Every structure is written in C-alpha cells, then in structure tokens.
Amino acid sequence: MMIRSIVRGVGSAVPSRIMKNSDFGSELETSDEWIVQRTGIRQRHIAEEGETTASLGEKAARQALDNAGLTPDDIDLIVLATSTPNNTFPATAVDIQNRLGMNHGYAFDIQAVCTGFVYALNTADLHIRGGMAKRALVIGAETFSRILDWSDRTTCVLFGDGAGALVLEAGEGAGLTSDRGILAASLRSDGNHKDKLFVDGGPSSTGTVGHLRMQGREVFKHAVGMITDVVEATFSTAGVTAEELDWFVPHQANKRIIDASARKLGIAAEKTVITVDRHGNTSAASVPLALSVAVADGRIKRGDLVLLEAMGGGFTWGAMLLRW
Ligand code: ACO
C-alpha cells in the first residue's frame, strides 16, 4: 500500500468584467480576426479595482472546499501558484489562509509562471506523501492585467485574470495506475531562456513591479517540443499510453500550441479541454480553471485518467497524470 494524493474538490473564480477582442481600442491596431486566428482567444476576464490575486484565490478555494464538503479547519497546507502576488511579501498564500480564517497549518507561494500550478500540485503531493500534511488546498490565481503593457498589442491581447483550486487529500493506493490520485509527474526548467518571457521589474533589480515582455515567436518555437517531451516522460514513468487517457487538460496559452501538441502526442481532439477562447491565458490559473469547467459540465468524472501540462516563463515546463 502507498499514500496517494486524491482530488476531493475543485473550484474557480473569474472577475465579472469580461473584455472581448472587439473592446481593444483602435489605437492598438489589432482585430478580433487576428486574435482568434493566431490564438483562439475571444475574450478574457479582467479584475476590477479591489479584486486581487488573494480575493480571487480565496473565492476559488472556498468553492473547492464546498465542493469537497470540507471547511478550512480540515486543511493543513495551502500552496498557491502565482506570478502576480498581492505584495512582494508575505506570500499571498498566507493572505488567503487568513481570509479563510485559518491560523493552523502552513501556507506558501510557488513561482513557476504558467507552469506554476503543475509545480504546486507536485509539491503538495510530495508533502502529502511525505506525511507532512493530510489535506491541501492547491490554488492557481493571477491578475496578469496588472503587469501588462496595455499599449503592446503583441502581449496585452493574450492574457486574462482568474483563479482555480483543488483540494487534495491523502488516501490509500496499491501503487497501480488504476489507483485514484496523482500517479506521475515530470518537471523541467531551463534558465537559458529567461529573457524570452519575463517581467522587466522586481524588488531587487529596479524596485518597481515592471511589465510583461515576450518574444512570442521564440516561445512558440520551443513550446510544442518541450510540452511533448515532458508528457512522454510522464507517460513512461507511469507506464501509460496516450490511448488510455480520458482527458487532456493543457495550459491554455494558445489554441495552435494546444492542437499541435495534442496531434504530436496522438491525443484525440474530443479528449482535449479548451477554455482559452473564454479565459485567455491566465498563467498559473489556467489549468485549474479548465479542470473546474470540465468537471462542472460533467466531462471529467471519478475514475477518469487526466493529463495536465504547462509551459511558461523561465522556461519552466511540466506534466502530471492523475486519476480523478
Ligand atoms: N494584432 C494584430 N497584429 C499583431 C498583433 C495583434 N495583437 N500582435 C502582433 N501582430 C503582428 C506583428 O506585429 C507581425 O506584423 P509584421 O509581420 O508586420 O511584423 C505579425 O502580426 C505577425 O507576428 P508574429 O509574432 O510572427 O505572429 P505569430 O503568428 O507568431 O503570433 C503570437 C504571435 C500569438 C504571440 C504567437 O507567437 C504565440 O502564441 N506565441 C506563444 C506565446 C505564448 O503562448 N506565450 C505564453 C506561453 S508561456 C505562458 O503562458 C506565460
């Protein structure tokens, strides 16, 4: 027997304000047609004043707890993936812990940009399997609208705000791929690419928050190869093939990257969950937001084999297989 981290609940939150492609001003010289054709994005949610990574994360966490039939008292670990924290410190996870009325357990942030949620789930899984925690809230929450250069059409049309959360609980498994819970993961990073997608500010360099900068074509060039490599490594660790998958829940950056990755991996389009059209790229929130959509509409069900993957700034990339 072995400990497995099993998903007990899922939740999400998006700001109520929706920005459609047609809402970009004419001075930006973009169009709905260009954005849809190059990215698949039709709209994104944008935080209102006072809406923050912590407030969205709290909302998603409460929904995940309700969905699990649990309360904050039942949780002993919060791991938040974000690149847009409320403050430089303390960790926004601690802010969310406080908002939930929790003063037991421990909470911390993880920074791996768009791969953050996969890193966070993996970290929580290791804490659970190592016996440090029994139940963890794993949250991805972002307000990228606050770090965008709204005069740069090559980046500002791509991103949106939101949050998603899972409750993980320690359970027993037989060590087989038929077990429920997290089965295998593979994480990578390569700082050689750190200048291809970054924020041009920070506490120790400029003393400012800075704005997102990206060489889009360079990111695109590396994305599919990195994603498929890390997925294949995860399949091989778990001893699973693409045909056995029930659902593929990729990071939602660009529909062309998702489609090309799925094609190369031999994953059918009907098994691929797409939410980039409605959320844009919400960085660390995109995978849990997509999961919560596919659970809420009845696609992902108990016992299904689910593949997650993400790639982002750093570069960082990673994949995870779990049985729901
Ligand atoms: N509207 C209209 N035209 C635009 C826009 C826009 N919003 N943005 C760029 N263009 C123009 C460019 O200026 C260029 O014009 P030119 O030919 O006159 O120079 C033309 O469109 C083509 O530009 P490319 O950059 O070659 O366009 P491409 O097809 O590569 O699409 C895009 C750009 C969508 C950014 C693509 O490169 C991409 O998706 N890259 C990956 C980015 C990504 O997904 N990043 C996130 C992953 S990591 C993470 O999630 C944090």
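All of these numbers come straight from a predicted model, not from anything done at the bench.
In terms of modelled atom types and a separation under 3.5 Å, the side chain of Ser261 and the main chain of Ile257 share a donor-acceptor contact. Here the side chain of Thr228 pairs a donor or acceptor atom with the backbone of Gly225 at under 3.5 angstrom. Side chain of Gln97 to main chain of His104: a donor-acceptor pair is present (N/O by atom type, distance under 3.5 Å, no hydrogens or angles). Using modelled atom types, one side-chain atom of Trp247 and one backbone atom of Arg299 make a donor-acceptor pair closer than 3.5 Å. Formation of a donor-acceptor pair under 3.5 Å by the Gln252 side chain with backbone atoms of Val273 is found in this model. With hydrogens and angles ignored, the 3.5 Å screen pairs no side-chain donor or acceptor of Ser12 with any backbone N or O of Gly164. With Asp149 contributing its side chain and His211 its backbone, the two residues share no donor-acceptor pair below 3.5 Å. In this structure, the side chain of Gln43 does not engage the main chain of Lys20 through any donor-acceptor pair within 3.5 Å. In this structure a side-chain-to-backbone donor-acceptor pair under 3.5 Å is present from Asn254 to Arg38. In this structure, the side chain of Arg44 does not engage the main chain of Ile18 through any donor-acceptor pair within 3.5 Å.
Around atom NZ of Lys301, more than 12 heavy atoms belonging to other residues, nucleotides or ligands sit under 6.0 Å away. Applying the 6.0 Å contact sphere to NZ of Lys271 captures more than 12 heavy atoms from other residues, nucleotides or ligands. By the neighbour-count criterion of 12 heavy atoms within 6.0 Å, atom CD of Glu218 is densely surrounded, having more than that number from other residues, nucleotides or ligands. More than 12 non-hydrogen atoms from other residues, nucleotides or ligands lie less than 6.0 angstrom from CZ of Arg256.
Residue Val10 is not grouped with residue Val293 when hydrophobic side chains (ILVMFWY) are merged at heavy-atom distances under 4.5 angstrom, including chains of intermediate members. Residue Val167 is not grouped with residue Met320 when hydrophobic side chains (ILVMFWY) are merged at heavy-atom distances under 4.5 angstrom, including chains of intermediate members. Follow the hydrophobic side-chain contacts under 4.5 Å out from Val230 and you reach Phe220 in the same cluster. Side-chain heavy atoms closer than 4.5 Å link hydrophobic residues (I, L, V, M, F, W, Y) into clusters, and following such links, possibly through other members, connects Val287 to Val138. In the hydrophobic cluster analysis, where Ile, Leu, Val, Met, Phe, Trp and Tyr join through side-chain heavy atoms closer than 4.5 angstrom, Val7 is grouped together with Val249.
When all heavy atoms of Ala13 and Lys59 are compared, the pair lying nearest together is CB-CB, 3.6 Å. Contact record, Leu158 with Met214: CD1-CE, 3.3 Å, taken as the closest heavy-atom pair. Residues Ser83 and Phe144 come closest through the heavy atom pair CB-CE1, 4.1 Å. The heavy-atom pair separating Asp109 from Pro85 by the smallest distance is OD2-CB, 4.3 Å. Closest non-hydrogen pair, Val36 versus Ile41, comes out as CG2-O, 3.5 Å. Across Ala238 and Ala184, no two heavy atoms sit closer than the pair CB-CB, 3.8 Å.
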Pair Glu51-Glu49, side-chain contact (heavy atoms from CB on, under 4.5 Å): steps then yes or no:
CA-CA 6 Å; Glu51 231 166 357; Glu49 206 182 318; over 6 Å; no

Using the rule given for side-chain hydrogen bond (donor to acceptor under 3.5 Å, both in side chains), can you reason through Thr115 versus Thr316, listing the C-alpha separation, both sets of side-chain angles and the distance that settles it, and then say yes or no?
CA-CA 6 Å; Thr115 319; Thr316 54; 2.8 Å; yes

Going through the checks in order, is the side-chain contact (heavy atoms from CB on, under 4.5 Å) test met by Met2 and Glu172?
CA-CA 6 Å; Met2 65 179 289; Glu172 274 193 354; over 6 Å; no

Start with the C-alpha distance between Leu80 and Phe108, add both sets of side-chain angles, then the distance that settles side-chain contact (heavy atoms from CB on, under 4.5 Å), and finish with yes or no.
CA-CA 6 Å; Leu80 170 69; Phe108 58 91; over 6 Å; no

Would Thr155 and Asp152 satisfy side-chain hydrogen bond (donor to acceptor under 3.5 Å, both in side chains), going step by step from the backbone distance to the final call?
CA-CA 6 Å; Thr155 53; Asp152 174 13; 3.0 Å; yes

Quick one: do Ile227 and Trp317 satisfy side-chain contact (heavy atoms from CB on, under 4.5 Å)? Show the steps, please.
CA-CA 7 Å; Ile227 289 164; Trp317 63 109; 5.6 Å; no

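A salt bridge between Arg213 and Asp200 is present, with a side-chain N of the basic residue lying under 4.0 Å from a carboxylate O of the acidic one. Ion pairing between a basic and an acidic side chain is recognised when a charged N comes within 4.0 Å of a carboxylate O; Arg99 and Asp95 show such pairing. Note on Arg4 versus Asp179: salt bridge recorded, some NZ/NE/NH1/NH2 to OD/OE distance being below 4.0 Å. A salt bridge is defined here as a Lys NZ or Arg NE, NH1 or NH2 lying under 4.0 Å from an Asp or Glu carboxylate O, and Glu48 with Arg17 fails to meet this definition. For Asp125 and Arg129, the salt-bridge test passes: some basic side-chain N is under 4.0 Å from an acidic carboxylate O.
You'll find the ring centres of His127 and Tyr106 inside the 6.0 Å limit.
To the nearest 0.5 angstrom, Leu289 atom CG is 9.5 Å from Phe117 atom CZ. Atom CH2 of Trp34 and atom CZ of Phe24 lie 11.0 Å apart (nearest 0.5 Å). For the atom pair Asp73 CG and Met102 CE, the distance stands at 8.5 Å (nearest 0.5 Å). The CG atom of Leu265 sits 9.5 Å away from atom CG of Asp229, with the distance rounded to the nearest 0.5 Å. Taken to the nearest 0.5 Å, the CG atom of Leu183 stands 6.5 Å off from the CZ atom of Arg323. Separating the NZ atom in Lys134 from the OG atom in Ser5 is a distance of 11.5 Å, to the nearest 0.5 Å.
Side-chain atoms of Thr53 and Thr143 include a donor-acceptor pair closer than 3.5 Å. There is a side-chain donor-acceptor pair under 3.5 Å between Asp161 and Ser145. For the residue pair Thr282/Glu142, the side-chain donor-acceptor check at 3.5 Å is not satisfied. Counting only N and O atoms by type, the side chains of Asn67 and Arg8 include no donor and acceptor under 3.5 Å apart. At a cut-off of 3.5 Å, with distance as the only test, no side-chain donor of Ser55 or Glu58 sits close to an acceptor on the other residue. Checked by atom type, the side-chain pair Trp324/Asp304 shows no donor-acceptor distance below 3.5 Å.
For the pair Leu321/Val240, a side-chain contact is recorded, criterion being any heavy-atom separation below 4.5 Å from C-beta on. Residues Gln111 and Thr82 fail the side-chain proximity criterion, which asks for heavy atoms closer than 4.5 Å. The closest side-chain heavy-atom distance from Asp246 to Val306 is not below 4.5 Å. Side chains of Asn87 and Thr92 form no contact here, defined as non-hydrogen atoms less than 4.5 Å apart. With a 4.5 Å cut-off on side-chain heavy atoms, Lys194 and Phe315 do not count as touching.
The side chain to side chain contact (heavy atoms under 4.5 Å, CB included) test with Arg135 is passed by exactly one of Leu70, Ile128, Leu168: Leu70.
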